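Everything on this sheet refers to the single structure shown next.
Just so it is clear, the model here is predicted, and its values are computed rather than measured.
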Amino acid sequence: MPVILITGASSGIGAALARFYAAAGASLVLTGRDRERLEAVAQGCRGQGAEVRTRLIDVREREAVGAWIRETDAATPLDLVIVNAAVNGGHPSGGLETEATAFETADINLTGALNVMLPCVSLMSTRGRGQIALISSLAAYAPLPDAPAYSGAKAALLAHGLALRQKLKPLGVRLSVVTPGYVKTPMGGVIKGWRPLEMSADEAAARIARGLERDRDVIAFPAILAALARGALLVPEWVRSAGLHGFRFRNRRRR
């Protein structure tokens with residue numbers, strides 16, 4: 001029975017991954033900060049035959065997150081951990097991102113991710129097996145001027161993950177970094193701007209699962225956008241700035 005932990009599972013890519021892996025014989029551990037949405041996802045997964053446990057938790061709470069992961073792993077060793085919880089950052093009018101927003105975004109998207117990942121690294125490397133997926137973004141390659149803290153956090157996650165992969169591989173632990181493009185999610189729904197080659201969360205989840213099965217170092221999609229993003233840092237700044245101008249956005253009011 002595979003045991004799979006997914007953070008940010010109450011909506012978007014996290015919820016889609018939970019549905020993808022939900023099947024008879026699977027054991028899911030789902031976390032989020034919205035009780036009603038998280039329970040709705042859990043109920044749907046139980047309907048598909050999976051055993052599901054849920055936990056409301058803020059990934060910024062390092063001690064609480066670490067204690068909970070160790071407790072969960074002691075009861076049922078984790079086979080796959082998908083570190084997905086994140087927020088957009090940016091500014092409602094497309095202006096300069098505020099200090100408060102930048103710190104919150106970095107605390108959740110980077111520090112929060114490390115709060116989940118690092119205890120799992122310790123546990124899995126000790127027993128010599130396990131797999132970790134870090135959900136980054138194509139913005140890690142092509143930083144978005146309207147989301148500097150988001151882009152920076154995702155870039156740091158990419159670098160950290162790829163460095164750790166080399167250390168973990170001889171220890172029997174697999175680690176992949178996922179860099180998706182635009183995905184139709186509630187988080188993405190607050191962004192008002194051009195979203196080329198956008199795909200559904202379910203399609204994104206299927207691509208992520210295929211990449212994890214193949215133990216890919218980086219799972220980047222869609223292919224065309226990924227190729228353009230990866231080349232962004234190799235061109236002069238004026239070329240990069242001109243190319244990214246069409247990707248300007250602002251956040252819609254949350255309902």
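Applying the side-chain hydrogen bond (donor to acceptor under 3.5 Å, both in side chains) test to pairs two or more places apart or on separate chains, those with a residue in residues 211-221 are Arg165-Asp215. Listed by first then second residue, pairs satisfying side-chain hydrogen bond (donor to acceptor under 3.5 Å, both in side chains) with a partner in residues 101-112 read Thr98-Thr101, not counting sequence neighbours. Pairs passing the side-chain hydrogen bond (donor to acceptor under 3.5 Å, both in side chains) check and including a residue from residues 112-128, sequence neighbours excluded, read Arg62-Asn115, Asp73-Arg127.
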- Query: After noting the C-alpha distance and the side-chain angles of Ile108 and Arg33, does the key distance pass the side chain to side chain contact (heavy atoms under 4.5 Å, CB included) rule?
  - Reply: CA-CA 12 Å; Ile108 294 173; Arg33 290 193 294 171; 4.0 Å; yes
- Leu78 vs Leu123, side chain to side chain contact (heavy atoms under 4.5 Å, CB included): CA-CA, chis, key distance, verdict: CA-CA 9 Å; Leu78 298 168; Leu123 293 165; 5.5 Å; no
- Worked verdict on Met117 versus Leu157 for side chain to side chain contact (heavy atoms under 4.5 Å, CB included): CA-CA 10 Å; Met117 176 183 71; Leu157 206 57; 5.6 Å; no
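More than 12 heavy atoms of other residues, nucleotides or ligands sit less than 6.0 Å from atom CZ of Arg46. The neighbour count for Leu197 CG, taken as heavy atoms of other residues, nucleotides or ligands under 6.0 Å away, is above 12.
Separation of atoms CG (Leu5) and OG1 (Thr72) is listed at 6.5 Å; rounding is to 0.5 Å. The structure places CD1 of Ile219 at 10.0 Å from CG of Leu134, a figure rounded to the nearest 0.5 Å. The CD atom of Gln48 lies 11.0 Å from the CZ atom of Phe20; values are rounded to the nearest 0.5 Å. Atom-to-atom distance recorded for Arg19:CZ and Asp202:CG is 4.5 Å, nearest 0.5 angstrom. Taking CD of Glu198 as the start and CG of Leu225 as the end, the distance is 11.0 Å to the nearest 0.5 Å.
The heavy-atom pair separating Val41 from Ala15 by the smallest distance is CG2-CB, 3.8 Å. Here the shortest heavy-atom pairing between Pro77 and Val3 reads O-CB, 3.5 Å. Minimum interatomic distance between Ala16 and Ala201 (heavy atoms only, all atoms of both residues): CB-O, 3.3 Å. For the residue pair Pro180 and Val183, the shortest heavy atom distance occurs at CB-CG2, 4.3 Å. Between Arg53 and Ser27, the shortest heavy-atom contact is NH2-OG, 3.5 Å. What you find for Ala139 and Tyr150 is that their closest heavy atoms are CB-CE2, 4.0 Å.
Of the possible donor and acceptor atoms, none in the side chain of Ser176 sits under 3.5 Å from a partner among the backbone N and O of Leu212. Checked by atom type and distance alone, the side chain of Asn84 never pairs as donor or acceptor with a backbone atom of Ile135 at under 3.5 Å. Remark: side-chain polar atoms of Glu97 are not paired, donor with acceptor, to backbone N or O of Gly89 under 3.5 angstrom. A distance-only check finds no donor-acceptor pair linking the side chain of Asp79 to the backbone of Ile4 [under 3.5 Å]. Under the 3.5 Å distance criterion, the side-chain polar atoms of Ser136 are matched with a main-chain donor or acceptor of Lys154.
Criterion: ILVMFWY side-chain heavy atoms under 4.5 Å apart, direct or through other members. Under it, Leu56 and Leu30 are part of a common hydrophobic cluster. By the rule that hydrophobic residues join a cluster once side-chain heavy atoms approach within less than 4.5 Å of another member, Leu144 and Leu96 end up as members of separate clusters. Val59 and Phe103 are assigned to two separate hydrophobic clusters, defined by single-linkage of ILVMFWY side chains at heavy-atom distances under 4.5 Å.
A heavy-atom distance below 4.5 Å is found between the side chains of Thr31 and Trp68. Counting heavy atoms from C-beta outward, Leu138 and Arg230 have side chains that stay 4.5 Å or more apart. A heavy-atom distance below 4.5 Å is not found between the side chains of Met1 and Thr76. Residues Ile69 and Cys120 meet the side-chain proximity criterion, which asks for heavy atoms closer than 4.5 Å. Val121 has its side chain out of reach of Val173: every pair of non-hydrogen atoms, C-beta onward, lies at least 4.5 Å apart.
For Arg210, there are no salt bridge (Lys or Arg N to Asp or Glu O under 4.0 Å) partners at least two apart in sequence or on another chain. Residues passing the salt bridge (Lys or Arg N to Asp or Glu O under 4.0 Å) test with Glu51, sequence neighbours excluded: none. Remark: Arg55 engages no residue in a side-chain hydrogen bond (donor to acceptor under 3.5 Å, both in side chains) (not counting sequence neighbours).
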